[in-house]
There are 2 protein chains.
Amino acid sequence: MNLRDLRYLLAVAEHGHFGRAAEACGISQPTLSVQLRKLEELLGVVLFERGSKTVTPTAACERLIGHVRTAVAEADTILGLARSLRDPLAGRFRLGIIPTLAPYLLPLVFAPLREAFAALEVEPWEDQTAVLLERLRTHDLDAALLATDVDGPDLASRPLFAEPFLAALPPEHPLAERQAVAEADLAEDILVLADGHCLRDQALAACGRSGALSRTMRATSLSTLLNMVAAGYGTTLIPGLAAGAAQDAGIILRPLSTRAGRTVRIAWRASFPRRAAVEAVGEVIAGRLRGFAEGAAAGAI
Amino acid sequence: MNLRDLRYLLAVAEHGHFGRAAEACGISQPTLSVQLRKLEELLGVVLFERGSKTVTPTAACERLIGHVRTAVAEADTILGLARSLRDPLAGRFRLGIIPTLAPYLLPLVFAPLREAFAALEVEPWEDQTAVLLERLRTHDLDAALLATDVDGPDLASRPLFAEPFLAALPPEHPLAERQAVAEADLAEDILVLADGHCLRDQALAACGRSGALSRTMRATSLSTLLNMVAAGYGTTLIPGLAAGAAQDAGIILRPLSTRAGRTVRIAWRASFPRRAAVEAVGEVIAGRLRGFAEGAAAGAI
DNA sequence: TGCCATGATAGTGACTGTCTATCAGTCTAG
DNA sequence: CTAGACTGATAGACAGTCACTATCATGGCA
């Protein structure tokens, strides 16, 4: 059974006239006659009584026509709804973001995203890298902003911007005298984030530390880490976008002599169909952060 | 858009697997892939994200799938309902019957009809010939039992049985002496039904009267007419099936010397599609009344 | 009785749904 | 780490079906 034939049926019922119904359907009268007869044969029921001047629905047709109307209406709803869903830059876009990035990046990019794609409802989801990748693979996220490379053939990614690390020092720290700090110098009394934060591993790697730390205090958030540094518990490396928050906390920032940093990327499933949305969101973020690396390094003196 | 493709969509959503969905639909996997891709192109929306091991509905698909289910369910309802409507010997059958026949015929044929076609709901409608023909033409009746010929190319009819007229006499009437009565003898003090009853014209014609009657009393029903005859107001002709009722009223019945009578026919629109129901109902009635004419004539002595 | 209106039929061409055969990519196991 | 299995996509061939034009059959009307 074909939806087209059901539409023909409705047209004949409405017009009570094969010729006019055919015209309304944009087909020829013979086509309508043939198709309707086929439908009648398929259903095993005569749908219309053809009089010499009138075409009247049979009792069987009266019983069926309500369901026919519903089916056709649903089909039209599907078509209309699909049309409204057609724009990949519209609808929900679930974007994962790592915790050391979210609080500092989102304020910068929310407004531009909203401006550029009014119909795109960006829903941020803050979690650590491993969780984000898992949720990406289970279709619970559409894309994720990470500071690590992603591997596996099921995921793809693209770099958005480079974010330099900065040395974060307590106000009275001896290293604050210098214009730039060597990472190895920080290793002595460095504070790091809790397990699972990519920034933890990156900071340790930058300082040449393997992993085992004497310090037992590990901050669960970058905000806490900043407070700890400001209180004189030690030093740390922070990502450039957190510079403002660090300075607000009374922390002294110095560029690193090696210009170490991390690259923020957007990652997505290779099979994700709304590729355009990913590209668009990535482009807005990259555009907003263009030239940020140099500015951040220069500003932290 | 095709209902078939919507079914394919549901199958893929249910199985999450093209091969198994294709098997469930009874088609090959390539066919399913091609058709689903076409549907996606038609809708302008990607419906499934094809992973290496998984097939997952997209957000757009989730939005659409409810309507798809409804449309397909309605289509199935139409097919199922049509199947149950397929039997022409089932459902309502609106049967018009003239008033001089209905009270005497229906008690005879209702049980046989019900027995023969349990699913056929025969709805009798009692009215005069002209009204029945009108209602037949306006599709308010499916068939009609008449005692006249029908003409016009839009109507068809078939004789069911012959019904002899009988002379109906008051108990003390002089004609009651005879074995058979000549119609002309009745003309003197004949009583007839009101205008519009075919029996009125037929009775008058049988008696050789043109139309203008001296009598002003005209019965509106055969039952009333019988009461009038029984009360001695005059004589009349009655159809054979009313013999029982007439005798119950104390009326003397005599066969007519000319064996005049009427033929009861079933009439229907030539275009009426449930021809089988008409034939079946007609055959049951004719069968029930087979041999009635002779019996009635013989019994009225 | 001839003309108009209406739906049915015949014959034909184009499209489309389906098949089999095959490919490309990913995952798994020895 | 490579061979094989699994999954969906693609290619080419064929058949069924939908659509058209031309024409017919019938009934109503002037």
For Ile27(B) and for Pro153(A), find the nucleotide of DNA chain C with the closest heavy atom, then tell me which residue's nucleotide is more 5'.
Ile27(B)
Using a heavy-atom cut-off of under 4.0 Å over every strand shown, decide if Gly26(A) touches base, sugar-phosphate, or nothing.
sugar-phosphate
Looking at every non-hydrogen atom in both residues, tell me the closest pair between Pro159(A) and Arg265(A) and how far apart they are.
CD-NH2, 3.6 Å
His17(B) NE2 to dC27(C) C1', straight-line distance once rounded to whole Å:
13 Å
Taking CZ from Arg269(A) and P from dT26(C), how many angstroms apart are they, rounded to a whole number?
16 Å
Quick check on dT26(C): is either OP1 or OP2 less than 4.0 Å from any side-chain nitrogen or oxygen of Lys53(B)?
no
Check whether any side-chain heavy atom of Trp268(B) lies under 4.5 Å from a side-chain heavy atom of Arg275(B), and answer yes or no.
yes
Name the first nucleotide and the last nucleotide along DNA chain D (5' to 3') that come under 4.0 Å of a heavy atom in chain B.
dT7(D) to dG28(D)
Closest to the 5' end of DNA chain C, once Phe18(A) and Gln35(B) are matched to their nearest nucleotides, is Phe18(A)
Arg86(A) atom CZ, neighbour heavy-atom count above 12 within 6.0 Å
yes
Distance-only side-chain donor-acceptor flag, Thr77(A) / His67(B), under 3.5 Å
no
Is atom CZ of Arg83(A) surrounded by more than 12 heavy atoms (other residues, nucleotides or ligands) closer than 6.0 Å?
no
Measure the spacing between OG1 of Thr129(A) and CG of Leu101(A) and express it to the nearest 0.5 Å.
10.0 Å
